[in-house]
Structures are given as C-alpha cells and as structure tokens.
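Chain A is the first sequence line, chain B the second, and so forth, proteins listed ahead of strands; every chain is numbered from 1.
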2 protein chains.
Amino acid sequence: MEAGRQRQGRLWSNLKEVCDLLHIPAACSVTTEELLFQHVQFKTGQRIHTIGQPFDTLYIVNSGFLKTVLIDEFGNEQVLSFPMKGDMLGVDGIHTRHYSSEAVALSDCDLILLPFKKLTALGRVHLELENMMYGVMSRELVREQAMIGMLGALSAEARVARFLVALAERFSQMGYSSKLFNLRMTRHEIGSYLGLTLETVSRTLSAFNEIGLISVDQRTIGIKDAEALKTLRRLPPSRTRAKQQATAKTKGETIAPAQLLAAL
Amino acid sequence: MEAGRQRQGRLWSNLKEVCDLLHIPAACSVTTEELLFQHVQFKTGQRIHTIGQPFDTLYIVNSGFLKTVLIDEFGNEQVLSFPMKGDMLGVDGIHTRHYSSEAVALSDCDLILLPFKKLTALGRVHLELENMMYGVMSRELVREQAMIGMLGALSAEARVARFLVALAERFSQMGYSSKLFNLRMTRHEIGSYLGLTLETVSRTLSAFNEIGLISVDQRTIGIKDAEALKTLRRLPPSRTRAKQQATAKTKGETIAPAQLLAAL
DNA sequence: CGAGGCCTTGAACGAAATCAAAGTCAGTGG
DNA sequence: CCACTGACTTTGATTTCGTTCAAGGCCTCG
C-alpha cells in the first residue's frame with residue numbers, strides 16, 4: 001500500500017551521534033565527519049520493512065514510535081516490541097538475509113539508515129562500532145529473554161504493571177516525564193504485546209486507576225505509585241475485599257493498599 | 001555447589017569444525033590448524049555460568065543437552081531454552097559484560113570455549129567468523145521472537161505440540177531419529193519453558209497419546225502424526241465429543257480425527 | 001451530523017492453575 | 001535381595017483468571 005518511503009534526505013548523522021543515540025560510550029576516535037549516515041522519515045502507518053523482504057539495512061530510531069510484529073498463518077498480528085528513540089530495527093534480518101518481522105510507524109518517525117555491509121566494513125576499522133553492534137544485539141536478546149520470562153510467569157495485572165513501568169522509564173531516559181505520558185499504541189496492540197486481550201488490558205488499567213496506582217484518560221497515563229507497580233504480582237479481588245479483610249487477623253484495622261498489593 | 005569445571009582439555013577444534021557445528025558455510029579459507037578452540041566437559045547438573053558472573057567467553061555445544069534459565073525475585077526458575085548440539089551459549093553476557101542467565105547441563109556435555117576477545121579479534125581477520133557471529137546472534141533473536149509469538153498467542157495444546165515438533169526436527173538435524181526420542185528435561189522444565197504448569201504438560205501429552213498423535217512412556221516420546229502436531233490449534237473437548245458429533249451435520253458418520261484437530 | 005475506530009463494562013464461559021492423592025522409577029542402604 | 005526414600009509423573013476435583021460475547025459510550029474526522 002504505502003510502501004514508498006518519505007525520502008527527504010535532509011539529515012545526516014555522524015558516528016558519534018549514532019553511538020550517543022545507542023548509549024554506547026563512543027571513544028570518539030572519529031571526529032572526522034566523513035562517516036555519515038542518512039536519515040529517512042516515515043509517516044504514521046507506513047511500513048519500514050515487511051516480512052520476507054530482502055535484508056540490507058538496519059535502522060536506528062532517532063525520533064518517533066513504532067511497533068514490530070509477526071504475522072501468523074491466519075493474518076493475526078503478534079506485537080513483538082515498541083521501538084522508540086535509540087532502538088535498533090532489523091537485526092532479525094541478518095540471519096536469513098530477509099526480515100522476519102514487520103516494522104510499522106505508530107507516529108511520524110525519523111530513522112537513521114545503517115547499510116549492513118557498510119556497517120560491518122566500518123566495524124573492522126572502528127572498534128567501537130563493532131562493539132556497539134555486538135552490544136546492541138546482545139541487549140536486544142536480553143530484552144526478549146525478559147519478555148519470555150514475563151509471558152511465561154506473570155499474571156495479567158503484573159504484565160500490564162511492568163509494561164507501564166518500563167514505558168515510564170523509557171520516557172524518562174528520553175527526557176520526557178515518567179509520571180505523565182501518552183500511549184502511542186491501542187489497547188489491542190498492548191494486549192498482543194503482553195499476550196492478553198484488549199478487554200483485559202482495559203479492565204486492568206481501570207482497576208489500577210480505581211485503587212490509585214495510576215490515572216487513565218484514554219491514552220493519557222499518569223503514574224501515581226511506580227513502586228507498587230514495579231512489585232505488583234496480583235491484585236486483591238475487588239469484590240471479595242471485605243471478606244478478605246475479615247479473614248485477616250489484623251485486629252480490625254483496615255489493610256493498607258500496599259500490603260494487599262505486595263501479597264504473593 | 002559444583003561450580004568447578006570438569007577440565008580435561010583433551011579436545012580441540014579448529015575454525016572449520018566450529019563453523020560446521022554452527023551450520024555456517026565456512027569458506028574454509030583457514031586450513032591452517034593454528035586456530036584452535038579448547039573443549040570443556042561438564043557433567044549432568046553442573047552449571048556452565050551463573051547469573052551475574054563476569055562474562056568473557058561464549059560456548060558452543062558440541063554434544064549433550066542443557067537448559068538456560070532466568071531466576072526471578074523469589075528463586076523461581078524460568079526456562080529460556082534447551083540448547084543442544086550446534087547452539088551457542090552466553091551471548092546474553094556481551095551487553096553488560098555479565099551473564100544475565102544461567103546455563104545448566106541436563107546431561108554430560110562437551111562444550112567448545114570461545115573467548116570473546118579472541119573471537120572478535122579473529123573476526124576482523126577472518127570474515128566468515130565475523131559473519132558467523134552476527135548470523136548466530138540474529139538467529140537466536142529470531143528464535144526468541146518466535147517463542148514470544150508462541151507464548152502470546154497459542155493454546156497449551158498447540159505449545160506442547162510445537163515443542164515436540166521442534167524437538168523432533170532438532171534430533172533429525174543431529175542425525176537421530178525424529179520419530180522416537182528421549183526428553184532430557186522434566187515436565188516441570190517443559191512447563192516453565194512453555195509458560196504452563198507441569199500438570200498441564202503431563203495431561204496434554206496424555207491426551208496426544210490417547211488420540212494417537214504420539215506415544216508416551218515416561219520420557220520416551222514417539223511421534224506418530226507430525227503433520228497434525230504442526231498444525232494443531234486446539235484439541236476437541238474429549239468429554240463433549242459425543243455432543244459435538246451430534247451437533248455436526250455429518251450424515252451420522254464419525255468425524256475423522258484430522259478434521260477435529262485442524263478445527264480453528 | 002453520522003460513521004467508524006477505539007475504549008469500557010458486564011455476564012457467562014472455559015482453559016489452565018491449583019490442590020490433592022496415587023503411582024512409577026532409580027538409587028541407597030540394611 | 002528388598003524395602004525405603006525422594007524425585008518425577010499421572011490423574012482427578014475444584015477454583016480462578018482471563019477470554020469471549022455483547023452492548024453501549026466516546027472521540028475524531030469527513
């Protein structure tokens with residue numbers, strides 16, 4: 001459909017800028033400006049690459065928000081990640097020389113092109129660059145391992161809670177507020193990412209809102225109690241709460257929300 | 001506990017052998033035998049590396065079976081993978097220079113040591129080696145993405161079915177029978193890997209056995225109908241089967257197992 | 001204003017977890 | 001040799017979390 005890129009080619013970045021973006025301590029041996037990487041702009045909804053497309057370039061997100069997805073045998077999307085500033089895209093294409101996932105812009109985006117051939121050639125000359133590559137790929141691997149652990153072991157509430165905390169931290173790193181931000185993705189996309197249905201995501205956000213952990217207004221999220229979100233395992237049954245309070249031998253005093261939330 | 005390695009140092013491999021093991025088309029530019037990598041043996045139960053331990057070497061499995069695990073805040077293991085011949089271990093340590101997972105031998109193992117420093121240095125001289133590194137890391141990433149997709153979207157039955165098929169294929173690649181093999185891991189470990197409880201794994205295997213997809217005898221698995229396993233989405237409700245047959249307008253004839261299994 | 005996405009909420013159902021009890025097997029030591 | 005221990009597995013009964021199905025509300029944009 002909208003396969004065409006929004007090539008404007010106005011911007012270029014040097015190696016130092018690329019390393020900074022990736023949070024790689026560039027020894028900055030290359031002050032020369034001859035090593036330039038081109039930028040490309042994508043508009044909301046455009047695809048950066050599709051599944052099966054021949055691989056030749058990696059991308060670094062300079063600004064904007066994206067999602068990467070797998071498409072299963074019957075056309076259902078499985079969201080794999082929500083890349084944003086400083087993330088690398090396309091690494092999954094190296095192995096088979098074809099991208100194995102699809103990347104879509106969730107907002108207008110500015111990406112840096114890293115032609116893979118050029119990159120590896122440069123890596124042999126500039127050691128930081130090579131280390132950067134290994135580091136970024138390893139980091140991505142660790143991120144996915146954490147994701148597997150989360151999908152394998154955590155309750156729906158815990159997944160949503162950690163998702164919010166992770167988002168808040170990313171926004172903080174990017175210099176935005178970690179307390180108040182806008183989700184760039186739909187409930188459906190969040191659900192797919194977390195292995196849940198959109199209804200469960202919606203209900204969970206409402207529940208967090210009700211007990212004061214966050215505030216929700218459509219896609220605007222306010223983080224009220226980041227600590228509780230970080231350690232949350234499961235929510236106290238809202239309808240049964242009275243019964244639970246009666247059962248607990250707490251000398252009649254009301255159980256503090258924090259206690260309930262931290263319950264195994 | 002048994003932190004000590006079983007260093008025997010009897011075996012060494014050259015670059016060609018390493019590439020073969022990883023299924024990398026080594027251009028075999030290096031026929032010289034000076035590039036040697038040491039082997040190390042581990043016995044069942046021994047740890048290859050632990051979480052947080054300083055990273056300096058990658059491992060390739062030459063023989064044997066292992067598991068890699070994450071340990072959560074309360075000591076619960078989350079199985080991430082079951083590496084076997086040709087798999088690489090330790091890549092997650094590159095990023096932070098500390099392993100982020102733990103690898104344990106499920107059987108006696110023979111691993112090849114790849115000191116990371118040495119490896120990257122060699123990569124600059126031997127291009128196939130560098131390509132191998134990128135390829136293997138990318139492959140691992142793709143594998144984990146598939147895992148995330150599976151955990152996020154598939155039913156318990158489908159997960160177990162695909163797990164068996166994947167195992168069968170690995171055994172086949174390794175030259176063993178893909179029709180009859182022994183599981184090297186417990187039901188608990190399989191469950192952890194698939195995001196299920198051990199009871200669910202056990203029940204699912206029993207169900208597959210009952211309808212003739214596999215045969216199960218403790219850890220010995222016989223694959224009877226690989227195709228059905230590959231495409232299975234959900235099992236027909238065994239107790240409701242009579243009712244379903246009645247509901248279906250199939251002129252009184254019995255529904256073929258294959259039809260039921262392929263049901264969306 | 002109306003249409004179409006997106007989101008929320010409720011009710012009922014169902015898949016998998018949890019709880020519980022036996023059964024199997026390998027290894028150990030009397 | 002055999003009984004005993006402990007880890008692993010199977011199977012059943014029950015519970016619960018999350019899905020599914022359904023209806024209505026809320027924004028945005030033509």
Side-chain angles (χ1 to χ4, degrees), chain A residues 44-45 67 76-77 106 150-161 182-210 214-221 232-241 243-244 263-264, chain B residues 44-45 67 76-77 79 106-107 150-161 182-210 214-221 232-241 243-244 263-264:
Chain A
T44 305
K67 65 174 177 181
N76 303 310
E77 282 195 357
L106 294 179
M150 173 155 141
L151 291 174
L154 298 188
S155 69
E157 286 103 5
R159 293 183 206 180
V160 175
N182 276 297
L183 299 175
R184 296 323 198 301
M185 62 295 281
T186 67
R187 304 286 192 261
H188 180 77
E189 287 163 342
I190 297 172
S192 171
Y193 179 64
L194 298 176
L196 303 169
T197 59
L198 64 123
E199 292 97 329
T200 300
V201 173
S202 176
R203 272 187 251 273
T204 305
L205 291 175
S206 298
F208 287 173
N209 181 51
E210 255 173 48
I214 64 174
S215 63
V216 187
D217 174 36
Q218 295 295 118
R219 298 211 182 163
T220 303
I221 301 286
L232 182 142
R233 313 230 112 211
R234 58 189 350 125
L235 232 39
S238 62
R239 215 49 65 187
T240 328
R241 220 171 302 173
K243 185 182 116 195
Q244 232 178 276
L264 182 74
Chain B
T44 304
K67 65 174 177 182
N76 303 310
E77 283 194 358
V79 175
L106 295 180
S107 70
M150 172 153 142
L151 291 174
L154 297 189
S155 69
E157 286 103 4
R159 293 184 207 180
V160 174
N182 277 298
L183 300 174
R184 298 321 201 296
M185 61 295 279
T186 68
R187 303 288 191 260
H188 180 77
E189 287 162 343
I190 297 171
S192 172
Y193 178 64
L194 298 177
L196 304 168
T197 60
L198 66 132
E199 293 97 328
T200 300
V201 173
S202 176
R203 270 188 251 274
T204 305
L205 291 175
S206 298
F208 287 173
N209 181 50
E210 255 172 48
I214 64 173
S215 63
V216 187
D217 175 35
Q218 294 296 120
R219 299 214 180 161
T220 302
I221 301 285
L232 182 142
R233 312 229 111 213
R234 55 183 0 119
L235 231 39
S238 62
R239 214 49 67 184
T240 326
R241 220 170 302 173
K243 183 181 117 197
Q244 234 178 278
L264 182 72

Which of C:dA17, C:dT9, D:dG18 is nearest the side chain of A:Glu157? It is D:dG18
How many whole angstroms separate atom CD1 of A:Ile190 from atom C1' of C:dT8? 14 Å
Yes or no on side-chain contact (heavy atoms from CB on, under 4.5 Å) for A:Glu189 and A:Lys67, after CA distance, side-chain angles and deciding distance? CA-CA 9 Å; A:Glu189 287 163 342; A:Lys67 65 174 177 181; 2.8 Å; yes
Counting any heavy atom closer than 4.0 Å, what does B:Gly191 reach on the DNA or RNA strands: base, sugar-phosphate only, or nothing? nothing
Does OP1 or OP2 of D:dT19 have a side-chain N or O of A:Thr197 closer than 4.0 Å? yes
Value in whole Å for how far the C1' atom of C:dT8 lies from CD1 of A:Ile221: 13 Å
Check whether the side chain of A:Glu199 and the base of D:dC21 form a donor-acceptor pair under 3.5 Å. yes
Closest to the B:Val216 side chain, choosing from C:dA16, D:dT10, C:dC7: D:dT10
Rounded off to whole Å, could you give me the CD-to-C1' distance for the A:Glu210 and C:dT8 pair? 12 Å
Identify whether any heavy atom of B:Leu196 sits under 4.0 Å from a base atom; if not, whether one sits that close to sugar-phosphate; answer base, sugar-phosphate or nothing. sugar-phosphate
N or O in side chain of A:Ser206 less than 4.0 angstrom from C:dT9 OP1/OP2: yes
Can a donor-acceptor pair be found, under 3.5 Å and without considering hydrogens, that links the side chain of B:Arg187 to the backbone of B:Ser202? no
Yes or no on side-chain contact (heavy atoms from CB on, under 4.5 Å) for A:Ile221 and A:Asn182, after CA distance, side-chain angles and deciding distance? CA-CA 6 Å; A:Ile221 301 286; A:Asn182 276 297; over 6 Å; no
Short side-chain N/O contact from B:Arg219 to OP1 or OP2 of D:dT9, under 4.0 Å: yes
Run through B:Thr197, B:Thr204, B:Leu205 and flag the one making a side chain to side chain contact (heavy atoms under 4.5 Å, CB included) with B:Val201. B:Leu205
Whole Å only: how far is the CG atom of B:Leu194 from the P atom of C:dA16? 12 Å
Taking CZ from A:Arg233 and P from D:dC17, how many angstroms apart are they, rounded to a whole number? 15 Å
Report yes or no: is there a donor-acceptor pair, N or O only, under 3.5 Å between the side chain of A:Arg187 and the base of C:dG5? no
Send over the distance from A:Arg159 CZ to D:dC17 P, rounded to a whole Å. 14 Å
Interatomic distance where CG belongs to B:Asp217 and C1' belongs to C:dA26 [whole Å]: 15 Å
Can you tell if the side chain of B:Asn209 reaches within under 4.5 Å of the side chain of B:Ser215, non-hydrogen atoms only? yes
Which nucleotide, D:dT9, D:dT10, C:dC6, lies nearest any side-chain atom of A:Thr186? C:dC6
Base C:dG10 paired with A:Arg203 side chain (donor-acceptor, <3.5 Å): yes
Please report, rounded to the nearest Å, how far the P atom of D:dA7 is from the CG atom of B:Leu198. 14 Å
